[in-house]
Every structure is written in structure tokens, then in C-alpha cells.
Amino acid sequence: CPQGVPINDILRHRMYFEDYGAQRKGMELYARLERNASLCTGCPAPCESSCPVGISIKSRLEEAHAMLTLV
């Protein structure tokens with residue numbers, strides 16, 4: 001990621017929230033990140049072409065940001 005977004009960490013925090021029912025843990029861990037998926041907005045998403053199974057990484061990260069952000 002040219003923005004330094006920790007993709008693996010964010011997707012893991014999303015997994016805690018969405019798959020394991022540990023919403024609070026996922027949100028707390030996400031809040032501790034120095035860089036989060038808000039940096040994906042406006043990015044040309046070079047990560048998209050690097051996924052060998054065709055996962056839309058940018059949209060997954062943007063969804064994770066909406067899901068995990070404490071507002």
C-alpha cells in the first residue's frame with residue numbers, strides 16, 4: 001500500500017467484528033492503528049491487482065472503516 005495502510009490488520013479487525021462476534025475488540029484494535037482505511041478514499045487502489053483471488057481490497061477496507069470507526 002503506497003499510503004502505508006496495514007491491510008492485513010484491518011481485515012483481521014473486521015473479522016473479529018463480523019465473524020467472531022467480538023465487535024468491541026475489533027473496534028478497539030482498529031482505533032489504535034496509526035493509519036486506517038480512511039486513507040483509501042481517493043486512492044487509485046494498486047492493492048486491487050495484487051490480490052491473487054480477486055478480492056476487492058479497497059471496498060473491503062472502506063466497509064471495514066465504516067464498520068469499525070467509533071463515532
Side-chain angles (χ1 to χ4, degrees):
C1 173
Q3 300 292 329
V5 172
I7 296 168
N8 293 341
D9 291 335
I10 294 171
L11 293 179
R12 184 178 314 105
H13 302 335
R14 177 184 173 144
M15 185 175 61
Y16 290 144
F17 186 97
E18 209 171 28
D19 299 332
Y20 297 155
Q23 290 84 9
R24 184 179 184 131
K25 179 177 182 174
M27 294 172 86
E28 287 173 352
L29 291 170
Y30 186 73
R32 292 182 195 158
L33 294 175
E34 281 186 41
R35 297 178 161 288
N36 65 38
S38 66
L39 297 170
C40 298
T41 303
C43 179
C47 58
E48 297 286 314
S49 62
S50 64
C51 180
V53 293
I55 294 171
S56 178
I57 295 172
K58 181 179 178 178
S59 65
R60 298 269 309 161
L61 292 175
E62 290 173 332
E63 292 166 356
H65 180 70
M67 187 183 302
L68 297 169
T69 302
L70 296 168
V71 179

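Position 1 is the first residue of the sequence, and the numbers go up from there. All values below come from the heavy atoms of this structure, side chains included, with hydrogens, waters and symmetry mates left out.
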### Message
Testing the basics here: between Pro46 and Ser49, what is the closest heavy-atom pair and its distance to 0.1 Å?
### Response
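So the two residues come closest at O-OG, 3.1 Å.
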### Task
Give the minimum heavy-atom separation between Ala64 and Ile10, together with the two atoms involved.
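Of all heavy-atom pairs spanning Ala64 and Ile10, the closest is CB-CG2, 3.8 Å.
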In Å, rounded to the nearest 0.5 Å, how long is the span from [atom1] of [X] to [atom2] of [Y]?
{"X": "Cys1", "Y": "Ile57", "atom1": "SG", "atom2": "CD1", "value": "10.0 Å"}
{"X": "Ile7", "Y": "Cys51", "atom1": "CD1", "atom2": "SG", "value": "9.5 Å"}
{"X": "His13", "Y": "Glu28", "atom1": "NE2", "atom2": "CD", "value": "11.0 Å"}
{"X": "Glu62", "Y": "Cys43", "atom1": "CD", "atom2": "SG", "value": "9.0 Å"}

If two hydrophobic side chains count as joined below 4.5 Å and joins carry through other members, does [X] share a cluster with [Y]?
{"X": "Met67", "Y": "Leu33", "answer": "yes"}
{"X": "Tyr16", "Y": "Leu68", "answer": "no"}
{"X": "Leu29", "Y": "Leu39", "answer": "no"}

### Task
Carefully, step by step, assess Tyr30 and His65 under the rule side chain to side chain contact (heavy atoms under 4.5 Å, CB included).
CA-CA 8 Å; Tyr30 186 73; His65 180 70; 2.6 Å; yes
#### Entry: Backbone N/O of Ile55 and side chain of Arg60: donor-acceptor pair under 3.5 Å
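Checked: no pair found.
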### Message
Counting C-beta onward and ignoring hydrogens, is there a side-chain heavy-atom pair between Gln3 and Cys40 closer than 4.5 Å?
### Response
no
### Query
Can you find a pair of side-chain heavy atoms, one from Leu11 and one from Leu61, that are under 4.5 Å apart?
yes
